[in-house]
Amino acid sequence: MTAVTDRPIDADLLRRHDVAGPRYTSYPTADRFVEAHQGGQHLQALRQRGTAQPLSVYVHIPFCEQLCYYCACNKIITKHHERAQPYLAALEVEMDLVAEAIGGQAPVSQLHLGGGSPTFLSDAELSLLMQALRQRFKLLPGAELSVEVDPRTVDAARLAHLRSLGFNRLSFGVQDFDPAVQKAVHRVQPFDQVAALMRDARELGYQSTNVDLIYGLPLQTPASFAHTISQVAELRPDRIAMYAYAHLPQRFKPQRRIVAELLPPAGDKLAMLSGAISALLSAGYDYIGMDHFALPEDPLAVAKRQGLLHRGFQGYSTQPDCDLVGLGVSSISRVGATYAQNAKTMDEYEDALRQRQLPVQRGLALTRDDLLRRAVIMALMCQGRVEFESIAASYLVDVPQYFAPELQRLSQLAEQGLVELEPGAIQVTPLGWYFVRAVALVFDRYLQADASRERFSKII
């Protein structure tokens with residue numbers, strides 16, 4: 001499906017769906033995890049899966065040298081780089097425990113280093129980390145190896161070292177190029193610096209570069225953000241992720257440093273989104289879904305056209321749906337019909353590993369209803385279509401009967417032109433792709449029963 005709609009994305013429709021809701025990198029969402037689910041259940045799930053099927057692996061590096069005021073990630077702000085050494089040692093213990101449980105070297109088709117700032121680590125530490133991973137997992141030929149990069153912490157030599165370690169995809173955290181906005185959020189990185197790194201990455205043979213942007217930051221205006229979008233289009237990254245800033249200072253301490261009066265009003269925020277969508281489509285990007293754009297020849301755009309998109313804790317992916325092992329503090333794993341999240345503090349994480357126990361603090365064993373709804377939500381988020389016959393065959397349910405209340409609610413979205421209700425299917429329209437979270441949350445049993453959505457970001 002292409003990103004072009006036959007109906008304008010008007011401000012009224014954007015405003016109508018400017019409500020809080022999950023991003024559905026999983027279902028049920030992580031806020032539904034329970035502390036009763038501990039390392040023993042995760043250990044059993046790992047043992048049951050074995051080494052036959054490929055894995056996706058995520059490694060969380062929590063360290064950052066500087067605090068970005070908008071950040072809601074699990075991170076440790078420090079200039080003491082020696083703190084990385086005991087953490088890397090703990091990571092190796094966790095890798096050992098996972099490999100022992102699985103029963104050997106599991107094949108890995110996708111590896112992602114996130115944070116925090118993975119490039120907080122030195123070249124030597126990155127080499128040791130990759131060596132440790134390769135000793136315990138079998139990185140398959142052609143595997144997607146990606147790393148999040150803070151442009152302030154790398155140069156051409158560092159990018160070359162990452163490339164030599166096998167990384168073939170880079171994600172640059174940009175957020176905004178306007179100097180006043182950068183100063184307001186305590187993340188100053190000139191356009192020329194990022195442009196030079198993008199050129200270096202292409203010369204080094206990276207297969208894909210991604211740029212992360214945020215709209216709704218302090219001092220942003222529709223005009224200033226339009227200029228940032230123009231600069232990003234000039235850089236021509238293969239992929240762009242553009243997120244709405246969620247100001248939740250009661251939950252995330254760093255955001256208390258942001259002056260709320262400097263945040264753009266809702267109307268300006270909607271104008272930024274609408275203008276950015278139009279500008280990126282005009283610049284030749286395909287709209288993938290949610291907040292993601294890609295050049296037409298990028299594998300993500302190809303997968304979208306072919307109906308082969310997948311979605312997990314790292315967002316949209318071209319990789320076939322597979323189990324995910326999360327390593328490091330606060331990381332989340334998905335193995336079979338279970339989710340498991342590691343301890344969120346360094347002390348708790350390292351203490352469990354000193355006892356040679358998996359550092360799982362909470363998680364969830366999915367019910368049959370969870371699995372059924374996950375299948376529907378992911379079909380909507382990735383393919384934009386739910387075939388009743390396929391769902392019925394997999395889960396032995398009468399779909400129209402089982403989801404009668406949900407289909408009734410969808411009729412309102414159909415009137416808005418976001419979905420088409422066919423006799424045996426739900427089809428998200430081209431316009432509906434821009435509001436696919438609003439379509440998916442109709443099937444979220446937990447959210448429909450919960451009056452409070454304050455813990456989620458806005459859909460728009």
Side-chain angles (χ1 to χ4, degrees), residues 23-30 32-34 37-60 91-114 132-146 169 303 308-343 357-379 381-383 394-395:
R23 297 181 54 76
Y24 294 117
T25 53
S26 72
Y27 180 83
T29 49
R32 304 297 174 181
F33 294 178
V34 295
H37 189 100
Q38 295 287 316
Q41 291 97 317
H42 186 42
L43 190 66
Q44 182 179 7
L46 290 169
R47 286 172 175 164
Q48 289 175 343
R49 87 165 306 278
T51 61
Q53 299 299 319
L55 271 175
S56 178
V57 174
Y58 171 76
V59 184
H60 189 75
L91 274 174
E92 289 204 40
V93 175
E94 187 180 8
M95 290 181 214
D96 283 336
L97 295 175
V98 169
E100 289 170 11
I102 290 176
Q105 275 192 316
V108 171
S109 60
Q110 187 177 42
L111 170 68
H112 184 78
L113 265 58
L133 286 163
R134 291 181 187 277
Q135 286 173 348
R136 295 159 178 86
F137 301 96
K138 187 193 307 180
L139 300 187
L140 296 172
E144 181 180 293
L145 274 59
S146 61
R169 296 180 180 274
L308 298 175
L309 271 184
H310 297 279
R311 187 164 177 80
F313 286 104
Q314 277 75 61
Y316 283 112
S317 170
T318 61
Q319 297 295 310
D321 196 27
C322 64
D323 288 339
L324 165 71
V325 166
L327 302 170
V329 63
S330 77
S331 290
I332 299 177
S333 298
R334 169 194 158 178
V335 181
T338 66
Y339 295 128
Q341 183 171 28
N342 284 347
Q357 295 178 355
L358 288 173
V360 174
Q361 190 172 65
R362 63 192 196 121
L364 194 68
L366 276 65
T367 66
R368 179 174 174 273
D369 179 75
D370 291 335
L371 293 169
L372 169 58
R373 290 175 183 273
R374 180 172 77 177
V376 171
I377 287 172
M378 291 305 163
M381 298 291 292
C382 296
Q383 282 74 50
S394 298
Y395 296 93

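What's counted below: heavy atoms across the whole structure, side chains too, no hydrogens, waters or symmetry copies.
At least one side-chain heavy atom of S317 sits less than 4.5 Å from a side-chain heavy atom of Q110. Counting only heavy atoms from C-beta outward, the side chains of L111 and F137 never approach each other to under 4.5 Å. When side chains are defined from C-beta on, T29 counts as touching Y24, because their heavy atoms get closer than 4.5 Å.
With sequence neighbours left out, S146 forms a side-chain hydrogen bond (donor to acceptor under 3.5 Å, both in side chains) with H112. Scored by the side-chain hydrogen bond (donor to acceptor under 3.5 Å, both in side chains) test, Y316 finds no partners at all (sequence neighbours excluded). Remark: E92 pairs with R136 by the side-chain hydrogen bond (donor to acceptor under 3.5 Å, both in side chains) rule, at least two apart or across chains.
For the pair D370 (side chain) and T367 (backbone), a donor-acceptor distance under 3.5 Å is present. For E100 (side chain) and L97 (main-chain N/O), no donor-acceptor pair under 3.5 Å exists by modelled atom type.
I332 pairs in a side-chain contact (heavy atoms from CB on, under 4.5 Å) with only one of the listed residues (Q341, H60, R362), which is Q341. Partner of N342 under the side-chain contact (heavy atoms from CB on, under 4.5 Å) criterion, chosen from V360, V329, L327: V360.
Separation of atoms CG (L139) and CD (E144) is listed at 12.5 Å; rounding is to 0.5 Å. In this structure, Q48 CD and I102 CD1 are separated by 12.5 Å, a value rounded to the nearest 0.5 Å. Distance CZ/R32 to CG/L364: 10.5 Å, rounded to 0.5 Å. Rounding to the nearest 0.5 angstrom, the gap separating the OG atom in S333 from the CG atom in L55 is 9.0 Å. If you take CG on L308 and OG1 on T318, they are separated by 9.5 Å, rounding to the nearest 0.5 Å. Here T25 contributes atom OG1 and M381 contributes atom CE; the two are 8.5 Å apart, rounded to the nearest 0.5 Å.
When all heavy atoms are compared, the tightest approach of E94 to G326 is OE2-O, 3.6 Å. Between S56 and C322 the shortest heavy-atom distance is N-SG, 3.7 Å. Y395 approaches R368 most closely through the heavy-atom pair O-NH2, 2.5 Å. Taking all atoms of both residues into account, the shortest heavy-atom contact from D323 to G336 is OD1-N, 3.0 Å. Of all the heavy atoms in V335 and A45, the pair that sits closest is CG1-O, 3.6 Å. In terms of heavy-atom proximity, V108 sits nearest to A143 at O-CB, 3.7 Å.
The number of heavy-atom neighbours closer than 6.0 Å to CD of Q53, taken from other residues, nucleotides and ligands shown, is 12 or below.
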### Task
Would you sort out whether L358 and L46 count as a side chain to side chain contact (heavy atoms under 4.5 Å, CB included), showing the intermediate values?
CA-CA 11 Å; L358 288 173; L46 290 169; 4.1 Å; yes
### Message
Please determine whether side chain to side chain contact (heavy atoms under 4.5 Å, CB included) holds for the pair R47 and H42, giving the CA-CA distance in whole Å, both sets of side-chain angles, and the decisive distance to 0.1 Å.
### Response
CA-CA 9 Å; R47 286 172 175 164; H42 186 42; over 6 Å; no
### Task
Please step through side chain to side chain contact (heavy atoms under 4.5 Å, CB included) for the pair Q41 and T338, ending with a clear verdict.
CA-CA 8 Å; Q41 291 97 317; T338 66; 5.9 Å; no
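Comment: D369 engages R373 in a salt bridge, judged by a side-chain N to carboxylate O separation of less than 4.0 angstrom.
Between F33 and Y339, the distance from one ring center to the other falls under 6.0 angstrom.
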